[in-house]
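Labels below follow one simple rule: chain letters A, B, ... track the order of the sequence lines, proteins then strands, and each chain is numbered from 1.
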Amino acid sequence: DVKVTQSSRYLVKRTGEKVFLECVQDMDHENMFWYRQDPGLGLRLIYFSYDVKMKEKGDIPEGYSVSREKKERFSLILESASTNQTSMYLCASSLARGYTFGSGTRLTVV
Amino acid sequence: DAKTTQPPSMDCAEGRAANLPCNHSTISGNEYVYWYRQIHSQGPQYIIHGLKNNETNEMASLIITEDRKSSTLILPHATLRDTAVYYCIVEYNTDKLIFGTGTRLQVFP
């Protein structure tokens, strides 16, 4: 089975810190995605990537950037964390049809 | 915006079939219907997808109407472990899935 691993399950950061959320997949998938999930708002797409070095903005990219230097790794970066970025962050990968999600990182910004 | 409409919540007795409806009246001819579910505090899990024909796998069955404007996910014998939020998604763009708020299914003993 495809495995998508997110580096941290829980994370607490201070306002203004630079935060890296890491995601690694082990099945050579070309497509990778970052979502955030908030109560009442469902999953919202932040950024996605169809190949190494490529990135596309999703629906809510403001305050975030991404990096895809290797095919298996897709990093989400919060340049200066703010309290409104407290959320559950979910990474996913796919090849053609059907996503595989990681377990999520619950980030709290204080 | 999500292109699907689902009831916010449903209940089902354990052992009974759970039938989860989804409306997607603006679906295009080449768009697939996907179903995922999310158990509390976990990432969403793929269940099944289809284009025109009904589909079945070890987890569920997917019934798509002939006009493709709606579909139903069927869990034939619901268990307590099937309690989750179920998302019906129409593929917006190749591999770019837009999630709505889903249906919260509660299976009770």
Need one label for [X]: side chain, backbone, both or neither, based on atoms under 4.5 Å from any heavy atom in chain B.
| X | result |
| --- | --- |
| Leu43(A) | both |
| Gln37(A) | side chain |
| Arg9(A) | side chain |

Main-chain N/O of Tyr36(B) paired with Tyr99(A) side-chain donor or acceptor, under 3.5 Å
no

Indicate whether any N or O donor in one side chain lies under 3.5 Å from an N or O acceptor in the other, for Arg36(A) and Tyr64(A).
yes

Looking at Tyr46(B), Tyr32(B), Tyr87(B), which has the largest count of heavy-atom pairs under 4.5 Å with chain A?
Tyr32(B)

Rounded to the nearest 0.5 Å, what separates atom CG in Asp28(A) from atom NZ in Lys71(A)?
3.5 Å

What distance separates Thr56(B) OG1 from Ile63(B) CD1, expressed to the nearest 0.5 Å?
6.0 Å

If you tally heavy-atom pairs under 4.5 Å against chain B, which of Gly42(A), Ser103(A), Gly104(A) wins?
Ser103(A)

Basic-acidic side-chain contact under 4.0 Å: Asp51(A), Arg68(A)
no

